[in-house]
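Here is the structure we will look at.
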Amino acid sequence: MSQYVLVRTIRMDNVDIGLFEHDRNNTLYFYLMNADEQIYMRYGGRDSAAADTYLNLDSLAVALGQGLELHEKYKKSELAKAPRPKPSFPREYSLLVERTFAKNQCVECHLIGDYVNLHREKDKTLDKMTHLYRSPDIKTIGIYLDVPKGLVVKEAKAAVAEAGMKAGDRITSVNGTPVWTFADLQHYYDKTDRRLAKTVQFAVDRAGKSETLTVTLPVRWWYYDVRYRQSSVDPRLYFESRPLTEAEKKDRGLPVDGFACEVTRLDSFGLMMKSHELKVGDIVFGVNGVERDPYAHTAELYMKLNLTPGDIVKLDVLRDGKRIQNTLTSYRLSFRK
Amino acid sequence: MRALLLAVLSLPLLAAPQEDDSLTWLDNYDAAIKEAKATGKPIFLEYRCEP
């Protein structure tokens, strides 16, 4: 650590969020860089299970060592510099200004993430598959890292195993962009187009030899549990569900390619708000007459992707074998402070 | 949870034996750039939520 200039920032007021662009739902996030504002690597990242799944002192030590090596290359002018991203500052977001600067309150990281998305929602540029389901879980495609060792694969399963990834491989690039840490991997994997990409390419170091692996992305590779995000662009539906199997859909006379789902849990806050009258065990198979969607495998996900908080919709529901209709009012999360 | 995480990450780094007293954390980004230019060191920049 003593070989670095150490700086800690807890207020984002004047930070160039164009240059330091990362998933704002991280409690801690680090950059290793030089005085020319050239970023060598990032350190941080998380999954839906915990904020510290990928934070580890051994892997941080690995990153710090790699950072010093890159810095030596920089000093010898051997390191190519990527173009600097367009500068952007929190004050450019009027809704964020009203919420923080105008009230003399801290511009917290997660507020930047949320208010940037609120502006996208207002400008109709919000794409929830990309902006809400940010930082997809690499375990969905089968990458299980040996966390203390940085990007060394502990276990390769599913799609990456089919592509040839093996335990012991060290991931070195994603779609051609070099990666040094889990945060790098998560950041650049996140750039994969949710709708158009069919594959993602990883380079790995296997016993000193570089291998390129083309991984076929599974359906909904970007989908994971985003509840920890507490994002106000995520409409509150106040129920949870599971997708019906094909056989279950056939048994109930529902389209097999539809997004029918079974309600598994009700949120007591939703009952208080009278958001809906769903019951555990209800099958929700239609939303405003729509029963299928190319991206959603449940009516719950369909609504999360397509509703703006506050929207009211008609649900087609199967309850005890009878088709009924139910109204659902979605709500927007409001921050307490 | 956040406090625990910060403790886990910070203590061994900031309160490491021998090194704790010698490590200086700046709280100003521009000052860090200036010091990195003067010393030739790389920068370790931390963003964390305000406790």
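Order of the sequence lines sets the chain letters (A, B, ...), proteins ahead of strands, with each chain counted from 1.
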* Asked: Of the backbone (N, CA, C, O) and the side chain (C-beta and beyond), which part of A/L70 lies under 4.5 Å from a heavy atom of chain B, both, or neither?
  ->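 Neither part, no heavy atoms under 4.5 Å.
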
* To do: Could you look at A/F20 and say if it's the side chain, the backbone, both or neither that has a heavy atom under 4.5 Å from chain B?
  =>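 When you check distances to chain B, only side chain atoms of A/F20 fall under 4.5 Å.
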
* To do: Among A/L111, A/V107, A/L118, find the one that has a side chain to side chain contact (heavy atoms under 4.5 Å, CB included) with A/R99.
  =>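 For A/R99, the side chain to side chain contact (heavy atoms under 4.5 Å, CB included) test succeeds with only one of A/L111, A/V107, A/L118, which is A/L111.
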
* Asked: Got a sec, which pairs hit salt bridge (Lys or Arg N to Asp or Glu O under 4.0 Å) with one end in residues 64-77 of chain A, sequence neighbours left out?
  ->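 Matches after skipping sequence neighbours: A/E72-A/K75.
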
* Asked: Can you pull the salt bridge (Lys or Arg N to Asp or Glu O under 4.0 Å) pairs that have at least one residue in residues 181-191 of chain A, sequence neighbours excluded?
  ->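 Checked against salt bridge (Lys or Arg N to Asp or Glu O under 4.0 Å) - neighbours excluded - the pairs reaching residues 181-191 of chain A are A/E21-A/K191, A/R134-A/D190, A/D190-A/R194.
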
* Do A/R8's NZ or CZ and the ring of A/F30 fall within the cation-pi criteria of under 6.0 Å and 45°? ->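 Output no; distance or angle outside limits.
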
* Do the ring centers of A/H71 and A/Y4 come within less than 6.0 Å of each other? ->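 Not under 6.0 Å, so no.
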
* Asked: CG/A/N34 to NZ/B/K37 distance, rounded to the nearest 0.5 angstrom?
  ->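 One gets 10.0 Å once the value is rounded to the nearest 0.5 Å.
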
* To do: Quick one: which of A/D36, A/N14, A/V15 has the most heavy-atom pairs under 4.5 Å with chain B, could you say?
  =>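 Ranked by heavy-atom pairs under 4.5 Å with chain B, first place is A/V15.
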
* Partners passing side-chain hydrogen bond (donor to acceptor under 3.5 Å, both in side chains) against A/N117 (at least two apart in sequence or in another chain) ->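 Once residues adjacent in sequence are excluded, the partners of A/N117 under the side-chain hydrogen bond (donor to acceptor under 3.5 Å, both in side chains) criterion are A/R120.
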
* Could you list which of residues 83-97 of chain A have a heavy atom closer than 4.5 Å to any heavy atom of chain B, in residue-number order? =>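 Hits under 4.5 Å: none found.
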
